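Here's the structure we're looking at; comments come further down.
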Amino acid sequence: TLYNIMISKNKKKGKSKMSKAEQENRIVVDHVYKTFNIYMDKANSLKEKLLFWNRNRKEKREVLKDINLTIKNGEAVALIGVNGSGKSTLLKLMTKIIYPNKGKIETHGKLTSLLELGAGFHPDFSGRENIYFNASIFGLTRKQIDERLNDIIAFSELEQFIDNPVRTYSSGMYMRLAFSVAINVNADILLIDEILAVGDANFQAKCFNKLREIKAEGTTIVIVSHSLGQIEQICDRSIWIKNGKIQMEGSPKDVHLEYLDYMNTERMEMAEKERARQEAEEQANPEKADGKEAAKKKKRYGSMDCMFTKINILDADGNPQKTFRTGEEMVLDLHYECKKKVTDAVFGFGIFRSDGLWCYGTNTRIDHKDNFDIERDGSYRVDLKELMLIPAEYWVDVTIEYGEGNPVDYYKEALRFEVVSKVSDVGVLRIPHEWTLNI
């Protein structure tokens with residue numbers, strides 16, 4: 001059988017001695033380029049090839065361009081970047097599933113990978129049988145698999161389903177079984193491609209605790225993930241790949257701050273383009289514009305005797321900004337138009353986390369500012385000298401009221417911004433503190 005052939009081959013495999021340099025550097029990527037041919041109108045049958053022999057238009061797409069990196073023994077490295085940047089391609093090159101067009105990749109030691117959900121599983125075989133198949137592909141003998149079988153099943157928490165065909169498994173169960181096999185191979189190198197995004201929160205936490213454990217034992221880990229918080233918990237280094245090239249590498253927190261700044265700039269540019277497109281569309285279709293204006297007003301209510309006309313978030317230098325680091329200064333710059341006198345006016349604002357949690361709010365009456373009336377157009381600004389919020393996305397409500405909370409222009413979700421930080425504390429805000437250890 002195929003299984004017996006795999007086992008016999010694994011028995012014949014001997015462990016080759018590695019030099020000191022090879023033991024120190026588990027993965028070496030040297031000037032690697034990878035190009036794929038993208039076919040525009042490829043013929044799918046012999047008849048189409050004969051009738052449309054001149055089709056086969058294709059273009060070469062360079063996915064990776066002169067990649068150089070070295071990953072040391074026992075190091076945990078994350079590959080980050082937007083979809084399509086080349087992260088998964090680089091991981092597949094490391095496993096030698098595909099090969100580079102130029103350059104070379106060297107890996108030293110036993111390698112195991114989790115690149116695609118259910119890869120290496122046969123849907124008609126049971127979970128138990130697939131453990132034997134999958135583990136033998138990774139180089140284990142029948143005896144070694146027998147010794148680890150109970151540990152694999154126990155870690156997967158699939159005892160009651162282990163003898164069912166895996167085609168009856170959910171995607172989370174697939175991931176549990178695949179991860180359980182991979183971590184029990186005792187490989188020198190473990191490659192993971194976003195697979196840990198599948199599964200419930202408890203099992204994800206269990207997986208990351210196990211990754212910390214095998215990392216402490218000296219296993220080299222390379223992981224592709226969009227979960228920057230999880231990366232910072234386990235990885236020593238992050239490598240940001242942008243358009244097929246290494247844009248930046250270093251400590252995860254430093255790289256992630258730059259990456260988030262870039263992503264925020266991209267979002268702002270895309271939003272600006274979308275806004276310009278919508279304005280052009282509204283000018284061409286006035287009826288549709290009226291409908292959008294009505295929808296926009298649902299986030300605003302009040303007498304509208306005085307209305308916000310321009311709302312900005314600025315940094316300490318007065319420049320428009322949408323990403324702030326914890327502790328930086330943030331300025332709310334608000335302009336309004338007065339249509340009718342507002343007596344006993346009150347200006348206010350509230351900051352909410354993206355899940356709706358009210359983080360902070362105040363107004364001029366709470367802060368004991370003198371009573372005032374609004375009789376003409378004007379503006380006001382709020383200087384938040386130290387924005388001590390924990391990293392997350394937030395929005396701001398801004399208000400003009402009169403008397404005891406009577407709305408003139410209550411503008412919900414008027415602005416959005418993001419907070420990033422090098423520190424991994426949790427909660428809502430950072431409270432200044434000091435530690436004194438008497439040990």
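We count residues from 1, following the sequence as given. Every value quoted in this text rests on a predicted model; they were computed, and no experiment measured them.
Checking side-chain atoms of E258 against main-chain N and O of V255 turns up no donor-acceptor pair under 3.5 Å. With K87 contributing its side chain and V82 its backbone, the two residues share a donor-acceptor pair below 3.5 Å. Between the side chain of D315 and the backbone N or O of D317, at least one donor-acceptor pair lies under 3.5 Å. In this structure, W358 contributes its side chain and Y360 its backbone to a donor-acceptor pair below 3.5 Å. Of the possible donor and acceptor atoms, one in the side chain of K34 sits under 3.5 Å from a partner among the backbone N and O of Y99. The main-chain N or O of S180 is found under 3.5 Å from a side-chain atom of N184 such that the two form a donor-acceptor pair. Listed for the D383 side chain is no donor-acceptor partner under 3.5 Å among the backbone atoms of V331. Formation of a donor-acceptor pair under 3.5 Å by the T219 side chain with backbone atoms of I214 is found in this model.
With a 4.5 Å cut-off on side-chain heavy atoms, I390 and T326 do not count as touching. Within the 4.5 Å cutoff, no side-chain heavy atoms of L140 are placed close to those of N186. In this structure, I246 and N68 have side chains that are not in contact, with every pair of non-hydrogen atoms separated by 4.5 Å or more. V224 places none of its side-chain heavy atoms less than 4.5 Å from the side chain of I192. Proximity of L69 to I239: side-chain heavy atoms (C-beta onward) are separated by under 4.5 Å at one or more points. Within the 4.5 Å cutoff, side-chain heavy atoms of D146 are placed close to those of Y132. In this structure, the side chains of R26 and T107 stay at 4.5 Å or more apart for every pair of heavy atoms. No side-chain heavy atom of I105 sits under 4.5 Å from any side-chain heavy atom of D30.
Once rounded to the nearest 0.5 Å, the distance linking CD of E386 with CD of E328 reads 11.0 Å. Between atom CG of residue L114 and atom CG of residue L190 there is a gap of 6.0 Å, rounded to the nearest 0.5 Å. To the nearest 0.5 Å, atoms OG1 (T95) and CG (L111) are separated by 7.0 Å. Atoms OH and OG1, on Y301 and T399 in that order, are 9.0 Å from each other to the nearest 0.5 Å. The line from CD1 of I131 to CD1 of I152 is 5.5 Å long, rounded to the nearest 0.5 Å. Atom CD in E393 sits 5.0 Å away from atom CD in E418 (nearest 0.5 Å).
Smallest separation of non-hydrogen atoms from R353 and W395: O-CZ3, 3.6 Å. Scanning both residues, I67 and V29, for their nearest heavy atoms gives O-CG1, 3.5 Å. Considering every non-hydrogen atom in both A187 and T112, the closest pair reads CB-CG2, 3.5 Å. Across I311 and A414, no two heavy atoms sit closer than the pair CD1-CB, 3.8 Å. Pairing each heavy atom of K210 with each of I183, the nearest pair is CG-CD1, 3.3 Å. Residues P100 and V32 share a closest heavy-atom pair of CB-CG1, 3.8 Å.
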Verdict with supporting geometry, F349 and I351, side chain to side chain contact (heavy atoms under 4.5 Å, CB included)
CA-CA 7 Å; F349 72 95; I351 298 177; 4.2 Å; yes
Dump the intermediate steps for side chain to side chain contact (heavy atoms under 4.5 Å, CB included) on Q321 and L314, then the final yes or no.
CA-CA 5 Å; Q321 182 62 272; L314 310 175; over 6 Å; no
Show your working on side chain to side chain contact (heavy atoms under 4.5 Å, CB included) between V222 and L91 and close with a plain yes or no.
CA-CA 8 Å; V222 183; L91 218 58; 3.6 Å; yes
Can you check salt bridge (charged side-chain N to carboxylate O under 4.0 Å, His left out) on E106 and K104, steps first, answer last?
CA-CA 7 Å; E106 295 177 359; K104 63 179 181 178; 3.5 Å; yes
Given the rule in the salt bridge (charged side-chain N to carboxylate O under 4.0 Å, His left out) test, do R381 and D333 qualify, once you have shown the distances and angles that lead to the verdict?
CA-CA 5 Å; R381 57 182 279 158; D333 178 42; 5.6 Å; no
Output, in order, the C-alpha distance, side-chain angles, deciding distance and verdict of side-chain hydrogen bond (donor to acceptor under 3.5 Å, both in side chains) for N73 and H108.
CA-CA 9 Å; N73 183 26; H108 306 293; over 6 Å; no
Kindly determine whether L389 and C359 satisfy side chain to side chain contact (heavy atoms under 4.5 Å, CB included), including the steps that lead there.
CA-CA 9 Å; L389 293 171; C359 301; 4.3 Å; yes
Given ring-ring contact (aromatic ring centres under 6.0 Å, His included), test F352 with Y394 step by step and report yes or no.
CA-CA 5 Å; F352 297 79; Y394 299 87; over 10 Å; no
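Counting non-hydrogen atoms of other residues, nucleotides and ligands closer than 6.0 Å to NZ of K143 gives a total of 12 or fewer. Enclosure of atom NZ in K92 is not indicated, since only 12 or fewer non-hydrogen atoms of other residues, nucleotides or ligands lie within 6.0 angstrom. Residue I431 places its CD1 atom among 12 or fewer non-hydrogen atoms of other residues, nucleotides or ligands, all under 6.0 Å distant.
Contact check on R176 versus E157 returns a salt bridge, with a Lys/Arg side-chain nitrogen under 4.0 Å from an Asp/Glu carboxylate oxygen. Between K215 and E213, no side-chain nitrogen of the basic residue sits less than 4.0 Å from a carboxylate oxygen of the acidic one, so the salt-bridge criterion is not met. For K110 and D188, the salt-bridge test fails: no basic side-chain N is under 4.0 Å from an acidic carboxylate O. Using a cut-off of 4.0 Å between Lys/Arg side-chain N and Asp/Glu carboxylate O, R237 and E249 are scored as salt-bridged. Salt-bridge formation is detected for the pair D124/R167: a Lys NZ or Arg NE/NH1/NH2 atom is positioned less than 4.0 Å from an Asp or Glu carboxylate oxygen. Under 4.0 Å is where a charged nitrogen must lie from a carboxylate oxygen, and between E75 and K72 no such pair does.
Remark: R61 is not positioned above the aromatic ring of F36, lacking an NZ or CZ atom under 6.0 angstrom from the ring centre and at most 45 degrees off the axis.
Side-chain N/O atoms of S421 and R430 include a donor and acceptor closer than 3.5 Å. Side chain to side chain, T70 and N25 fail the donor-acceptor criterion of an N or O pair below 3.5 Å.
Ring planes of F324 and F417: perpendicular class, angle over 60° (limits at 30 and 60°). By the 30° and 60° cut-offs, the orientation of the rings of Y174 relative to Y169 is perpendicular.
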